[in-house]
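Here is the structure we will look at.
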Amino acid sequence: MTARTSDIEKAAGVLRAGGLVAFPTETVYGLGANAEDPAAVARVFQVKGRPPSHPLIVHIGGAEQLGDWAENVPATARLLAERFWPGPLTLVLRRGRRVPLEATGGLETVAVRVPGHVVALALLAAFGGGVAAPSANRFGSVSPTTADHVRAELGDAVDFVLDGGPCQVGVESTIVDATGDTPSVLRPGGVTREDLEAVLGRPLAVHSTSRVRVPGQHPSHYAPRARVVLVEPEKVVAEAELAQELGHQVGVLLPPSFAGAAVKAHAVVAVPASMAAYARGLYGFLRELDQRGCDLIVASLPVEEGLGLAIANRLRRAAGPRPAE
Ligand code: TXA
Ligand code: MG
C-alpha cells in the first residue's frame, strides 16, 4: 500500500511547521519530528513519555546525505550503509553539526538510518531534511506495525498519521555501533548478524548490555500489558494450562512444532514457522492477546539465528521485570 501524494505533501508540511508525523517504515511505525527543530524533538519525548536523555534515530533520504549528519564516518560504516540502505540497519556514528543535542539525548554520537519503505522515502524526499523518530509507541510498550496501532496508542497526540499499510519486517532496525574500527551490534533487528558478518568478513560482537544508553536494552521493554512468561517449547502447553487452571486468562504463543495442539487457555496464537513471518507478526500477536483480555502470555524463544535473534531479544525484554513489580 502506498500513501497518496497529497498525504505525503501534507505530512512534509506538518514536519516543516514543527509538528509530529507518525509514518511507516519497513520495521515499525516511527513518531517523526524535524531533527533540526529542538522544540519539535522535545514534543516527541513528551508524547512518548520517554526520558529526554534517551537518543532518537535520525532518518535520512539516502546514504549520500550521511556526511551532513555524521562526522568522521569510518570506511566500515560506509560499506555497511552502501550494502544495507535503504533497509533495517541503524548506524551509530560521531554526531554531525546538523544534529542538535536534543535529538541525541546529549550524546556526541548519532544514530542514523535510511528506511527501506517507499512511503518513508517519499516523505523524506518531500521534506528534504532529517526526521528524528523513535518507534511510535509509549515508552516501554510494544512498537506499532500498523497505522491503527499508532492511532489506538497515541491518538490526537500526533498531528498526522501517514498510513503505509502493515510493516513488512515487523521488528526494529539492527543498531550497529560504527564509531570505531570494530563495529558491534547494540540491538539485534531486521538485518541479521549473519548478513552483517558476511559483508564485514568477520564475526561481530552482540552486546546484550551496553554502556551506551539504549532503552531497548532495559528490562521490560517492548512489553504488552499482560505479563510474559518464557518456557521451553515443549513446556508451553502444560505451563499455559496450569496457569489457566489457577485462574489466569492465559494467552499462548504456540510454537510451530505444536501447531494444531488443543490448548485449554483463553487465547492461542499459532506462531509461524518462518522467522520472517514471525517477526512480521510478533507485535501484532502481543497486541491481540492484550486486546483479548489475557493477563499472562506463555511463550518460548525461537532458535537465535537469523531473525530469531531479534525475536528472542524482544521476547526476553517483554518478559523482563516490570518497574511496578
Ligand atoms: O526500526 C527502528 O529502528 C525504528 C524505526 C521507526 O526506524 N525506530 C526505533 O526507534 O526503534 P527507538 O527510539 O524506539 O529505538 C532506537 C534505539 C534506542 O534504543 C536508542 O537508545 C538507540 O536507538 N540509539 C539512538 N541513538 C543512539 C546513540 N547515539 N548511541 C546508542 N544508541 C542510540
Ligand atoms: Mg522503541
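These values consider heavy atoms only, across backbone and side chains, with no hydrogens, waters or symmetry-generated copies. Just so you know, ligand 1 is whichever comes first in the structure, and atom 1 is the first atom listed for that ligand.
In this structure, the side chain of N34 does not engage the main chain of L15 through any donor-acceptor pair within 3.5 Å. Formation of a donor-acceptor pair under 3.5 Å by the T27 side chain with backbone atoms of P88 is not found in this model.
Looking at I57, N137, T104 and measuring to atom 16 (C) of ligand 1, the nearest heavy atom belongs to I57. For atom 7 (O) of ligand 1, the candidate residues are E172, E26, H59; the nearest heavy-atom contact is made by H59.
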- Message: Under the criterion side chain to side chain contact (heavy atoms under 4.5 Å, CB included), I'd like the reasoning laid out for T192 against E197: C-alpha separation, chi angles, the key distance, then a yes or no.
- Response: CA-CA 9 Å; T192 66; E197 288 177 343; over 6 Å; no
- Verify side chain to side chain contact (heavy atoms under 4.5 Å, CB included) between L309 and E194, making sure each step is shown before the conclusion. CA-CA 10 Å; L309 187 65; E194 293 84 348; over 6 Å; no
- Task: Please step through salt bridge (charged side-chain N to carboxylate O under 4.0 Å, His left out) for the pair D148 and R287, ending with a clear verdict.
- Result: CA-CA 11 Å; D148 280 344; R287 278 175 193 269; over 6 Å; no
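Within a 6.0 Å radius of CZ in R97, no more than 12 heavy atoms belonging to other residues, nucleotides or ligands are found.
Counting the atoms of ligand 1 from 1 in the order shown, those under 4.0 Å from a heavy atom of I175 are 17 (C), 22 (C), 23 (O). The T27 neighbourhood of ligand 1 comprises atoms 1 (O), 2 (C), 4 (C), 5 (C), with distances under 4.0 Å to a heavy atom of that residue. Interface atoms of ligand 1 facing T109, defined by a heavy-atom separation under 4.0 Å, are 28 (C), 29 (N), 30 (N). Remark: ligand 1 atoms within the under-4.0 Å shell around heavy atoms of R50 are 12 (P), 13 (O), 14 (O), 18 (C), 20 (C). Near G30, with a cut-off below 4.0 Å to any heavy atom, the atoms of ligand 1 are 6 (C).
Taking any N or O of K48, backbone or side chain, none lies under 3.5 Å from an N or O belonging to ligand 1. Where the criterion is an N or O separation shorter than 3.5 Å, residue side chain and backbone included, S173 meets it with respect to ligand 1.
Checked against the 6.0 Å centroid threshold, H149 and Y283 do not count as a close aromatic pair.
Ligand 1 has no atom lying under 4.0 Å from any heavy atom of R95.
The Mg ion (ligand 2) has an N, O or S atom of S135 inside 2.8 Å of it.
Residue H54 does not touch ligand 1, judged by heavy-atom distances below 4.0 Å.
Ion pairing between a basic and an acidic side chain is recognised when a charged N comes within 4.0 Å of a carboxylate O; R151 and D163 show such pairing.
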